[in-house]
Visitor: 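Mind looking over this structure? Questions follow.
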Protein chains: 2
Amino acid sequence: MAAVRASERVYRALRDEIVSGHLPPGAELSEVDQAGLRGVSRTPVREALARLQAEGLAAVGKGRTLVVSSLSPEDVAHLFELREALESQAARLAARRGAPAVFLDLAARFAAAPGLLDDGDPEREAYYALVTELDVAIDAAMASPYLERSLATLRAHVARARRLSRDNPDRLRRAAQEHALIATAIADGDEVLASQATAVHVRASLAAVLDNLASRTEHDDVTRLVPTGAAP
Amino acid sequence: MAAVRASERVYRALRDEIVSGHLPPGAELSEVDQAGLRGVSRTPVREALARLQAEGLAAVGKGRTLVVSSLSPEDVAHLFELREALESQAARLAARRGAPAVFLDLAARFAAAPGLLDDGDPEREAYYALVTELDVAIDAAMASPYLERSLATLRAHVARARRLSRDNPDRLRRAAQEHALIATAIADGDEVLASQATAVHVRASLAAVLDNLASRTEHDDVTRLVPTGAAP
DNA sequence: GGCCCGTCGTTTGTATACAAAGTCACCTCG
DNA sequence: CGAGGTGACTTTGTATACAAACGACGGGCC
């Protein structure tokens with residue numbers, strides 16, 4: 001029944017809810033509340049919260065309370081500074097060590113993707129699944145455990161940032177071209193191009209997120225999602 | 001008396017002992033043993049071990065036991081792949097945002113350092129303190145919280161790797177020159193040079209560590225420090 | 001003699017009970 | 001009316017008790 005540990009289940013559940021935005025930034029993460037909610041004791045909840053705090057998804061709030069960490073536009077900019085460093089290096093190593101066939105296939109699928117993005121939410125999900133495939137392929141190809149660990153925690157934050165601002169179809173089409181270029185460079189074993197194309201993609205992605213966030217602020221109340229600027 | 005939490009004290013103590021090599025790779029980290037040793041309950045020990053595991057300083061051993069993670073030459077090489085990514089970006093951002101005066105001062109002190117490294121262990125410690133000063137200055141200058149977090153956990157691993165192989169005076173003199181160049185580039189606001197000089201330094205540092213490890217294997221028994229690769 | 005199964009022991013995982021510490025509100029005093 | 005302190009309450013931090021899971025060891029059977 002409960003083949004996995006309770007602390008693991010609680011951790012994943014909370015992590016998913018934070019990334020998906022169901023638990024918005026600033027939401028309080030009380031041990032007793034969560035224990036009651038998940039039907040477990042405080043002990044596994046405590047362990048889950050500690051992990052979330054270590055990853056930066058939760059942070060100490062005003063008193064001794066733990067809250068979902070905020071994600072202001074400045075935070076996103078800073079997050080992407082780390083993302084650029086990690087993903088550039090990942091692409092470089094993948095180009096050095098990866099099997100070309102895998103990335104040639106991915107490049108072709110990314111090249112074909114723009115035509116599929118004309119309509120609908122399911123198309124978007126399918127595209128994100130393809131991006132995840134590329135991430136997995138890069139992880140396997142680079143064969144760099146320490147980098148892989150850092151990337152894993154990073155991606156949760158990136159997913160959260162993406163969730164804050166839904167990409168529009170134009171951006172997705174351009175992203176598909178950027179991804180196709182990255183995959184091609186890796187397949188060619190071109191470390192420099194792979195690294196630089198990734199850096200370009202990360203910058204473009206950041207610009208898109210910030211643009212989306214700025215335009216949304218005009219008519220929608222985004223302050224509810226980004227409540228406290230920076231709690232000390 | 002115990003103004004800080006017991007879990008924090010245990011965490012720091014274990015972390016220091018792992019980094020310093022007092023707890024060698026492969027050493028078992030039993031909850032009950034550590035609880036008895038530190039005079040606290042299993043609960044804070046458990047929390048400390050979870051943090052160490054999240055940082056990669058501890059890993060699951062053969063059974064359900066937690067052991068100090070191994071650090072083979074391959075591991076060091078992989079670690080430095082992450083280090084290169086993080087520190088290059090850190091230097092780039094520091095060059096972009098840092099105050100030149102701080103780094104000009106550091107550059108001068110690094111330039112003067114080679115003459116001070118002629119003899120003795122205390123000199124080496126003084127030099128490492130200077131390196132730490134540079135790290136702190138870069139952290140402050142880059143103003144990138146996510147990157148800073150990743151760097152913090154990275155540095156524990158790097159310190160452990162450094163501990164495995166004591167640098168010789170020649171290497172230290174060359175490192176001082178490399179550091180001086182990095183500091184100068186940052187002071188000049190030269191992002192490209194700062195980033196590339198850091199990459200060069202990381203590569204040279206890796207080569208020195210691996211060389212040292214290889215030469216030590218000849219006459220000394222290093223297998224005690226890197227015991228089980230993954231033996232069941 | 002070798003392999004498989006059962007039992008035992010040691011470990012971690014979870015729950016709960018207890019203690020301390022900080023915060024908030026309210027009351028009192030200046 | 002404001003500021004300071006003091007009280008209680010709500011939170012986390014720690015300890016301990018209990019349960020379950022996994023590995024190891026030994027004995028029996030093929």
Side-chain angles (χ1 to χ4, degrees), chain A residues 1-15 17-18 23-70 227-228 230-232, chain B residues 1-15 18 23-70 227-232:
Chain A
M1 189 106 57
V4 298
R5 303 194 295 276
S7 63
E8 185 74 18
R9 276 185 292 124
V10 173
Y11 164 73
R12 292 188 187 175
L14 281 172
R15 187 174 181 271
E17 291 186 27
I18 291 174
L23 275 173
E28 292 190 0
L29 298 170
S30 160
E31 292 180 7
V32 288
D33 289 356
Q34 292 301 322
L37 231 63
R38 314 285 195 228
V40 295
S41 163
R42 273 181 55 209
T43 309
V45 171
R46 189 176 179 76
E47 196 159 323
L49 292 179
R51 285 178 68 179
L52 293 171
Q53 188 179 357
E55 290 183 24
L57 289 173
V60 289
K62 40 178 194 179
R64 250 182 327 189
T65 68
L66 206 67
V67 299
V68 176
S69 64
S70 66
T228 64
Chain B
M1 185 98 66
V4 298
R5 303 195 296 276
S7 64
E8 185 74 17
R9 276 185 293 125
V10 173
Y11 164 73
R12 291 189 187 176
L14 280 171
R15 186 174 183 270
I18 292 174
L23 275 174
E28 292 190 1
L29 298 170
S30 161
E31 292 180 7
V32 288
D33 290 355
Q34 292 300 322
L37 230 64
R38 315 285 197 231
V40 296
S41 163
R42 273 181 56 209
T43 309
V45 171
R46 189 176 180 76
E47 196 158 324
L49 292 179
R51 285 179 69 179
L52 292 171
Q53 189 178 358
E55 290 183 25
L57 289 174
V60 289
K62 42 180 192 178
R64 250 181 329 187
T65 69
L66 207 67
V67 298
V68 176
S69 63
S70 65
T228 64

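Proteins get letters first, then strands, A, B, ... in listed order; numbering begins at 1 in each. Scope of the values below: all heavy atoms of this structure, side chains included, with no hydrogens, waters or symmetry mates.
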Visitor: Can you list everything that forms a salt bridge (charged side-chain N to carboxylate O under 4.0 Å, His left out) with A:Arg46? Sequence neighbours excluded, please.
Guide: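 For A:Arg46 the salt bridge (charged side-chain N to carboxylate O under 4.0 Å, His left out) partners, ignoring immediate neighbours, are A:Glu31, B:Glu47.
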Visitor: Does A:Arg64 have any salt bridge (charged side-chain N to carboxylate O under 4.0 Å, His left out) partners at least two apart in sequence or in another chain, and if so, which?
Guide: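 By the salt bridge (charged side-chain N to carboxylate O under 4.0 Å, His left out) rule, A:Arg64 matches no residue at all.
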Visitor: For B:Ala6, check side chain to side chain contact (heavy atoms under 4.5 Å, CB included) against everything at least two apart and list the hits.
Guide: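 With neighbours one apart ignored, the set is B:Arg9, B:Val40, B:Pro44.
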Visitor: Looking at residues at least two apart in the chain, or sitting in another chain, which of them share a side chain to side chain contact (heavy atoms under 4.5 Å, CB included) with B:Ala50?
Guide: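 Testing B:Ala50 for side chain to side chain contact (heavy atoms under 4.5 Å, CB included), a comparison that skips the adjacent residues, returns none.
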Visitor: What string of B, S and - do you get for nucleotides 10-18 of chain D, 5' to 3', when a contact is any protein heavy atom under 4.0 Å?
Guide: -BBBBBBB-
Visitor: Applying salt bridge (charged side-chain N to carboxylate O under 4.0 Å, His left out), name anything that partners A:Glu17, two or more places apart in sequence or on another chain.
Guide: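 A:Arg38.
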